[in-house]
Number of protein chains: 2
Amino acid sequence: MIHVHQLNKVYRTDEIETTALDQLSFNIEEGEFVSVMGPSGCGKSTLLNVLGLLDTPSGGQYFFNGQEVSTLNEKARANIRKQQLGFVFQSFNLIDELNVYENIELPLIYQDVAASDRAERVRVLLEQMGLLHRKKHFPQQLSGGQQQRVAIARAVVSHPHLILADEPTGNLDTKHGKEVMELLKELNEAGTTIVMVTHNPEDAAYSHRTIRMLDGAIVNHPF
Amino acid sequence: MIHVHQLNKVYRTDEIETTALDQLSFNIEEGEFVSVMGPSGCGKSTLLNVLGLLDTPSGGQYFFNGQEVSTLNEKARANIRKQQLGFVFQSFNLIDELNVYENIELPLIYQDVAASDRAERVRVLLEQMGLLHRKKHFPQQLSGGQQQRVAIARAVVSHPHLILADEPTGNLDTKHGKEVMELLKELNEAGTTIVMVTHNPEDAAYSHRTIRMLDGAIVNHPF
Ligand SMILES: Nc1ncnc2c1ncn2[C@@H]1O[C@H](COP(=O)(O)OP(=O)(O)OP(=O)(O)O)[C@@H](O)[C@H]1O
Ligand SMILES: Nc1ncnc2c1ncn2[C@@H]1O[C@H](COP(=O)(O)OP(=O)(O)OP(=O)(O)O)[C@@H](O)[C@H]1O
Ligand SMILES: [Mg+2]
Ligand SMILES: [Mg+2]
């Protein structure tokens, strides 16, 4: 599903050049659940942003389902994102003008899902994430962990083929964190491919294997 | 140092009334290192915001160093915050228009610290937090964990009497998380009072005792 070859990403500020991704090459098969771990600043979010077509690499190739996608224009990338991907951002990126219900519903509107189906699918996730009592709140009126659970609900509601989750339990207590991991596990068992950045080895234990990064490179080659 | 009596905080949206703090009463002595734990949404950040004079309670009393502070006007509260408190926010709240160096330096400017002293104190923290190579970056150019470390550096640079830390290691790998906890431990051993919200029992182990919350109330009474 994912084939990445010599992927490179360089950031330049006035004074400093950072190689955030350093000639990365790896594959992820459809249906896999892969963790990505490594120290703060080593390139995990950058990798997820490239895989999620939110960012273009400086060099190298990214094949998604056999199609080279790294050089597509924004319109084409946005289309793939809306149809096939679900993204849980490290800083949530909820839409402040929409309430919890509307934030979760949005991907289904993009996919032209009928209103009654949307209502049912959003309701199921509100319940699973323990957010029914918050559905009309706005993001600024939620706790950190509640915002994180809305971000997760939004990423999974459209049943995407690929879920990219950037530290999905960072703001959650053990019980809510476990509920999130159980949900991801269920989705994976139903066929969803998952790439998850985590600092938590207990979360990583839910995955099939772990890619370890350091200074923009992969430092273990499990496959 | 902190004496709280029947502290209450109610949030109202159009449809829902939430009692985020429910008649809380407790003391924290000067020099203590106290953890606050509890499920997502139970009121931990709300408590920290009230203790940090960022938010006013709906009812009850808050004595800080013997002075009732919950009904002070914004100017008086801002003065106490700048002189005596350091706050690590759950979502960092860095100033986007300032670079890393300037974000960390800001509390010292509020305290009229001389320029050469400011430079030295900021440099020490940049080094301790592993951010020397990022000092001219802007927050948007940092990884999540780097932003968190800037937030921590900013909270401690002015040597405040009281540090309020809301999940200070949530975005950090084990090594960086341990460095942060060791820094907090050092500051506490030098006399700083610390109240830290955490979901991580390993972090809580650095504190003297843990206050457990549930639905806005304290559910253990260790003291
Ligand atoms: N501005 C607001 N308006 C309405 N409700 C609010 C507001 N801010 C917080 N709440 C509610 O108050 C409750 C407590 O929020 P708080 O942020 O203190 O939780 P928390 O314990 O820090 O949770 P987490 O571990 O997820 O960060 C939550 O249920 C939240 O939805
Ligand atoms: N827009 C940018 N401009 C300059 N440098 C950047 C930019 N975005 C990220 N970086 C740098 O690239 C490196 C990788 O960042 P990335 O966000 O991928 O790290 P990460 O592994 O997700 O870290 P964390 O665990 O702290 O979230 C960091 O050193 C960061 O400072
Ligand atoms: Mg990251
Ligand atoms: Mg909180």
Side-chain angles (χ1 to χ4, degrees), chain A residues 11-18 20 37-46 48-49 89-92 99-100 129-149 166-167 169-177 179-180 197-202 212-214, chain B residues 11-18 20 37-46 48-49 89-92 99-100 129-149 166-167 169-177 179-180 197-202 212-214:
Chain A
Y11 289 113
R12 284 179 191 86
T13 65
D14 291 338
E15 311 207 340
I16 293 197
E17 191 173 281
T18 306
M37 299 185 84
S40 173
C42 74
K44 307 177 297 294
S45 296
T46 304
L48 238 60
N49 289 339
F89 293 90
Q90 188 168 4
S91 51
F92 320 145
N99 66 29
V100 165
M129 294 284 94
L131 292 168
L132 274 172
H133 66 315
R134 287 285 174 273
K135 64 183 186 187
K136 295 209 173 167
H137 274 49
F138 287 83
Q140 315 80 288
Q141 298 171 321
L142 298 177
S143 78
Q146 290 166 343
Q147 291 175 19
Q148 189 155 38
R149 284 178 272 150
D166 201 342
E167 302 193 31
T169 65
N171 280 277
L172 298 176
D173 53 283
T174 316
K175 171 162 169 292
H176 284 101
E179 284 166 10
V180 165
V197 170
T198 185
H199 285 307
N200 185 342
E202 294 183 20
R212 290 203 160 274
M213 291 181 65
L214 184 64
Chain B
Y11 289 114
R12 284 180 192 85
T13 64
D14 291 337
E15 314 208 336
I16 293 197
E17 191 174 281
T18 306
M37 300 185 82
S40 172
C42 75
K44 307 178 295 296
S45 295
T46 303
L48 238 59
N49 288 341
F89 293 90
Q90 188 168 2
S91 52
F92 319 145
N99 66 29
V100 165
M129 294 284 96
L131 292 168
L132 274 172
H133 65 315
R134 286 287 173 272
K135 64 182 185 187
K136 295 210 172 167
H137 275 47
F138 286 83
Q140 314 80 287
Q141 298 171 322
L142 299 177
S143 78
Q146 289 166 344
Q147 291 176 18
Q148 188 154 40
R149 283 180 272 151
D166 202 342
E167 302 191 33
T169 66
N171 280 277
L172 298 177
D173 54 284
T174 318
K175 172 161 171 292
H176 284 101
E179 283 165 12
V180 166
V197 170
T198 184
H199 285 308
N200 185 342
E202 293 183 19
R212 288 203 161 274
M213 291 181 65
L214 185 64

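Bear in mind the structure is a predicted one, so any value in this text is a computation, not a measurement.
Residues A:Q90 and B:G145 share a closest heavy-atom pair of NE2-N, 4.1 Å. Considering every non-hydrogen atom in both B:G41 and A:Q146, the closest pair reads CA-NE2, 3.8 Å.
A:K136 has its side chain out of reach of B:I16: every pair of non-hydrogen atoms, C-beta onward, lies at least 4.5 Å apart. When side chains are defined from C-beta on, B:T18 counts as touching A:R134, because their heavy atoms get closer than 4.5 Å.
Looking at residues two or more places apart in sequence or on another chain, you find no side chain to side chain donor-acceptor pair (under 3.5 Å) involving A:H137. Partners of A:S40 according to the side chain to side chain donor-acceptor pair (under 3.5 Å) rule, which considers only residues two or more places apart in sequence or in another chain, are B:R149.
We find the CG-CG distance between B:D173 and A:N200 to be 12.0 Å, quoted to the nearest 0.5 Å. Residue A:N171 holds its CG atom at 6.5 Å from NE2 of B:H199, rounded to the nearest 0.5 Å.
In this structure, chain B has heavy atoms under 4.5 Å from both the backbone and the side chain of A:L172. At a 4.5 Å heavy-atom cutoff, the contact between A:E15 and chain B is made by side-chain atoms alone. Contacts between B:E167 and chain A at a heavy-atom distance below 4.5 Å involve the side chain alone, from C-beta outward. Contact annotation for B:K175: neither backbone nor side-chain heavy atoms come within less than 4.5 Å of a heavy atom of chain A.
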